[in-house]
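First listed ligand is number 1; within each ligand, the first listed atom is number 1.
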Amino acid sequence: MSRILLTLYTVILLHQARSDDAVEFKAINSELFALFGDSVWLNCSTPNPKTYFESRLFTKDNAKGSNWVAREVVVDDWEISTMYCYLSPDIDDIKRPITVMAYALPSNVTIDMQPLLKEGEESTITCTVHDVAPQELLTINITRGGDVIDSKSYGGPHVLQRRTVGRVYTFTASRGDNNMNFSCEAILQLGREQKRTKSPDITVQTYGKLFLSESLTDLGRRVGEGAG
Ligand SMILES: *[C@@H]1O[C@H](CO)[C@@H](O)[C@H](O)[C@H]1NC(C)=O
Ligand SMILES: *[C@@H]1O[C@H](CO)[C@@H](O)[C@H](O)[C@H]1NC(C)=O
Ligand SMILES: *[C@@H]1O[C@H](CO)[C@@H](O)[C@H](O)[C@H]1NC(C)=O
Ligand SMILES: *[C@@H]1O[C@H](CO)[C@@H](O)[C@H](O)[C@H]1NC(C)=O
């Protein structure tokens, strides 16, 4: 009997960002990500009127229909919270876990590098992602002319609170870097969804012996053409 009940019931989450702008999705053994401080509706569809929720998060509101029970919780805790919807109060096994995790978008993503580079010499790019959470879901990509030249995913155990995360990348400048745009991007991987924040672009100029001699060759050719 319990098996049958289990397959009949579904847990539906309503992620309510603002007013009626609700996104509905199924959440069987699923994770939910919410901006720190936001509230989310958790909707458990069940014909059992005794269905109840168990949550360590603050409850803002409750709602009930003939075949569903919903609760609005405030996600203001950096700990990962597992909420349960008990589909049958008498059979403890029949519960659906929902993992709720708070995140914070970076307040800023900055890039530091010299805009004038000498070809053949080492150069450094420093990316800083300010006040982001959680760190273990963060990737920092450094791009040159739109191509990723460095990628760092942090991973690891759950980190509480916002963090400022820095990434340093060293490379040898070449003529190909001339007039190229460099930038840093912070990517938070929230389940299947990605939240991306980009730094401003830095447009690089390079100089070196090669550049100079080729320019002179070009100049020489043009002068020659003009004369001939
Ligand atoms: C909960 O889900 C049911 C069925 O999916 C829906 O009819 C009801 O409006 C939802 N309740 C809330 C508060 O969104
Ligand atoms: C981001 O950082 C840059 C460089 O430090 C600064 O100029 C800019 O004002 C910052 N922007 C915000 C929104 O904090
Ligand atoms: C970040 O870089 C990695 C490795 O190159 C790449 O797989 C991923 O698609 C990049 N992410 C974005 C959002 O560009
Ligand atoms: C480089 O960045 C600047 C400033 O963001 C932009 O105006 C320019 O179009 C970019 N150049 C290329 C080739 O993308």
Just wondering, do [Y] and [X] contact through their side chains at under 4.5 Å, heavy atoms?
{"X": "Asn141", "Y": "Val148", "answer": "yes"}
{"X": "His130", "Y": "Thr128", "answer": "yes"}
{"X": "Cys127", "Y": "Ile142", "answer": "yes"}

### Polar contact flag for Trp41 and ligand 1 (N/O pairs, less than 3.5 Å)
no
### Spatial distance of atom CG (Leu160) from atom CH2 (Trp78) [nearest 0.5 Å]
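So the gap between those two atoms works out to 9.0 Å.
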### Message
Go through it in stages, so that I can follow the logic: the residues are Leu117 and Tyr207, the test is side chain to side chain contact (heavy atoms under 4.5 Å, CB included), and I'd like the CA-CA distance, side-chain angles, deciding distance and then a yes or no.
### Response
CA-CA 6 Å; Leu117 307 180; Tyr207 65 96; 6.0 Å; no
### Summary
ligand 1 to Ala70, heavy atom cutoff 4.0 Å, flagged ligand atoms 13 (C)
### Query
With a cut-off of 4.0 Å, which atoms of ligand 1 are near a heavy atom of Asn43?
1 (C), 2 (O), 3 (C), 8 (C), 10 (C), 11 (N), 12 (C), 14 (O)
### Query
What atoms in ligand 3 come closer than 4.0 Å to a heavy atom of Arg196?
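Those of ligand 3 that fall under 4.0 Å from Arg196 are 13 (C).
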### Query
At a 4.0 Å threshold, what atoms of ligand 3 neighbour a non-hydrogen atom of Val148?
2 (O), 5 (O)
Specify the protein heavy atom at minimum distance from [atom]: its residue, its atom name, and the distance to 0.1 Å.
{"atom": "atom 13 (C) of ligand 4", "value": "Asn181 ND2, 4.5 Å"}
{"atom": "atom 5 (O) of ligand 4", "value": "Asp201 OD2, 3.2 Å"}
{"atom": "atom 2 (O) of ligand 3", "value": "Asn141 ND2, 2.4 Å"}

### Query
Would you call Ile187 a ligand 3 contact, heavy-atom distance under 4.0 Å?
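Ile187 counts as a contact of ligand 3 under the 4.0 Å cut-off.
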### Query
Quick one: which of Ser151, Ser153, Gly146, Ala186 has a heavy atom closest to atom 3 (C) of ligand 3?
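Selected option, by shortest heavy-atom distance: Ser151.
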### Ring centre gap for Phe171 and Phe182 strictly below 6.0 Å
yes
### Message
Can a side-chain donor-acceptor contact be found between Ser107 and Asp131 if the only test is distance below 3.5 angstrom?
### Response
yes
### Ring-face cation contact, Tyr154 with Lys152, 6.0 Å cut, 45° max
yes
### Message
If we count only non-hydrogen protein atoms and require a distance under 4.0 Å, does atom 9 (O) of ligand 4 qualify as touching the protein?
### Response
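No; the ligand atom in question lacks any protein heavy-atom contact below 4.0 Å.
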